[in-house]
Amino acid sequence: MPEWIEIIIRTTLIILGIFFITKLLGKKQLSKLSFFEYILGITIGDIAGTISMDIELNVVNGIISILIWTSVPIIVSYCSIKSKKFRDVVEGKATTFIQDGKILEGNLRKENYTTDALLEQLRKKDIFSVADVEFAILETNGELSVLLKKEKQKVNWGDLFGQGAAVKVPLTVIMDGELLEETIYGAGFSIDWIKSKLSHKEATVEEVFLGQVDVDGNLYVDLYHDNLEKK
């Protein structure tokens, strides 16, 4: 078998395998990965790339190696869910950097965090005075969470008017030119009602890229071609 064909087969199989592994590991944003998980991901990717390109390597041995590296985060994740003590050892604990406007220098040194780095993270959150901060906590994923003092927090609806009405998410009833019948009937609408709304806009279902119904029963449509959009 020519080398280039073997590389194509290897690469295709590895891509499918990596896709299966990522689905198995679950959804997690890159910024939410622990340092341990990040290193594991890099290592698995490196092994996969090496196997797909180096035809002298045994594919079976490479797959076994990938499976072992993949099983580690799965086992760690399972144990972390079952035991807080284990989770604290693997992921660490959040560390308080600022409390009541005072920097805890000992905690900074413990996490090898400089004052400049702390102030930089505060500035990224539009905070320029440490005295305005009630709490600043370094999370286990390296993100800095900040709670401003009450008098420095932005005024919201609840502060002025109390509890407001619940906000309901608009329902998507048309997508890619097709009616989402399950959503439509589940919300208490009908196909004929949707079509009547579209007729008022002089549009057909096939012309609609996206259609949503808000809490007041208004239908918003985004057509495939702007120049076809009817008011």
Side-chain angles (χ1 to χ4, degrees), residues 21-45 69-172 183 187 210 212-216 218 220 222:
I21 289 172
T22 55
K23 301 296 286 185
L24 186 65
L25 293 177
K27 300 177 182 178
K28 205 170 189 181
Q29 295 181 10
L30 184 60
S31 61
K32 304 301 180 184
L33 294 178
S34 67
F35 184 72
F36 179 67
E37 293 169 331
Y38 182 70
I39 295 299
L40 283 175
I42 292 177
T43 304
I44 292 173
W69 279 91
T70 302
S71 64
V72 171
I74 295 176
I75 295 173
V76 169
S77 177
Y78 176 81
C79 294
S80 296
I81 294 173
K82 293 296 183 179
S83 171
K84 185 180 185 308
K85 291 182 178 180
F86 182 84
R87 184 166 64 248
D88 290 340
V89 172
V90 175
E91 300 181 3
K93 297 181 179 180
T95 304
T96 302
F97 280 171
I98 301 176
Q99 183 172 338
D100 194 23
K102 304 294 182 181
I103 298 176
L104 306 181
E105 297 86 355
N107 288 350
L108 285 179
R109 288 193 295 269
K110 176 183 174 182
E111 298 293 344
N112 295 320
Y113 220 85
T114 66
T115 306
D116 288 334
L118 175 61
L119 295 176
E120 179 184 351
Q121 292 302 313
L122 291 176
R123 289 195 296 270
K124 287 181 178 180
K125 298 178 181 293
D126 298 326
I127 301 171
F128 292 85
S129 176
V130 175
D132 295 342
V133 179
E134 184 70 33
F135 282 102
I137 299 174
L138 182 68
E139 306 293 353
T140 56
N141 63 354
E143 183 177 345
L144 187 69
S145 299
V146 180
L147 174 67
L148 290 173
K149 292 182 178 180
K150 187 66 177 180
E151 63 271 17
K152 297 296 180 179
Q153 295 177 14
K154 295 181 179 179
V155 178
N156 55 43
W157 175 279
D159 294 329
L160 298 176
F161 307 106
Q163 185 176 357
V167 178
K168 295 185 178 180
V169 179
L171 296 175
T172 300
T183 302
L210 180 70
Q212 291 184 317
V213 178
D214 63 21
V215 67
D216 296 321
N218 300 313
Y220 160 83
D222 182 89

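Start at 1 with the first residue, then count along the sequence. Note: hydrogens, waters and symmetry copies are ignored here, and every other heavy atom, side chains too, is used.
Smallest separation of non-hydrogen atoms from Ala94 and Glu139: CB-OE1, 3.8 Å. Nearest approach of Thr95 to Glu111, heavy atoms of both residues: OG1-OE2, 2.7 Å. Nearest heavy atom pair, residue Asn107 against residue Thr96, reads ND2-O, 2.6 Å. Residues Lys93 and Asp88 approach most closely at CE-OD2, 3.4 Å, considering heavy atoms.
Within 6.0 Å of atom CZ in Phe86, more than 12 heavy atoms from other residues, nucleotides or ligands are found, so the atom counts as buried in its surroundings.
Taking 4.5 Å as the limit, some side-chain heavy atom of Glu105 sits within range of a side-chain heavy atom of Arg109. At least one side-chain heavy atom of Gln153 sits under 4.5 Å from a side-chain heavy atom of Leu147. Counting heavy atoms from C-beta on, the side chains of Glu134 and Leu148 never come closer than 4.5 Å. At a threshold of 4.5 Å between non-hydrogen side-chain atoms, the residues Arg87 and Ile81 do not count as touching. Using a 4.5 Å cut-off on side-chain heavy atoms (C-beta onward), Leu119 and Arg123 make contact. Taking 4.5 Å as the limit, every side-chain heavy atom of Asn156 sits out of range of all side-chain heavy atoms of Lys154.
Among residues two or more places apart in sequence or in another chain, the salt bridge (charged side-chain N to carboxylate O under 4.0 Å, His left out) test is passed with Asp214 by none. Phe161 pairs by the ring pair (Phe, Tyr, Trp, His ring centres under 6.0 Å) definition with Trp157, not counting sequence neighbours.
When atom types are taken as modelled, the side chain of Lys125 and the backbone of Ser145 share no donor-acceptor pair closer than 3.5 angstrom.
A distance of 11.0 Å separates CG in Leu104 from NZ in Lys110, rounded to the nearest 0.5 Å.
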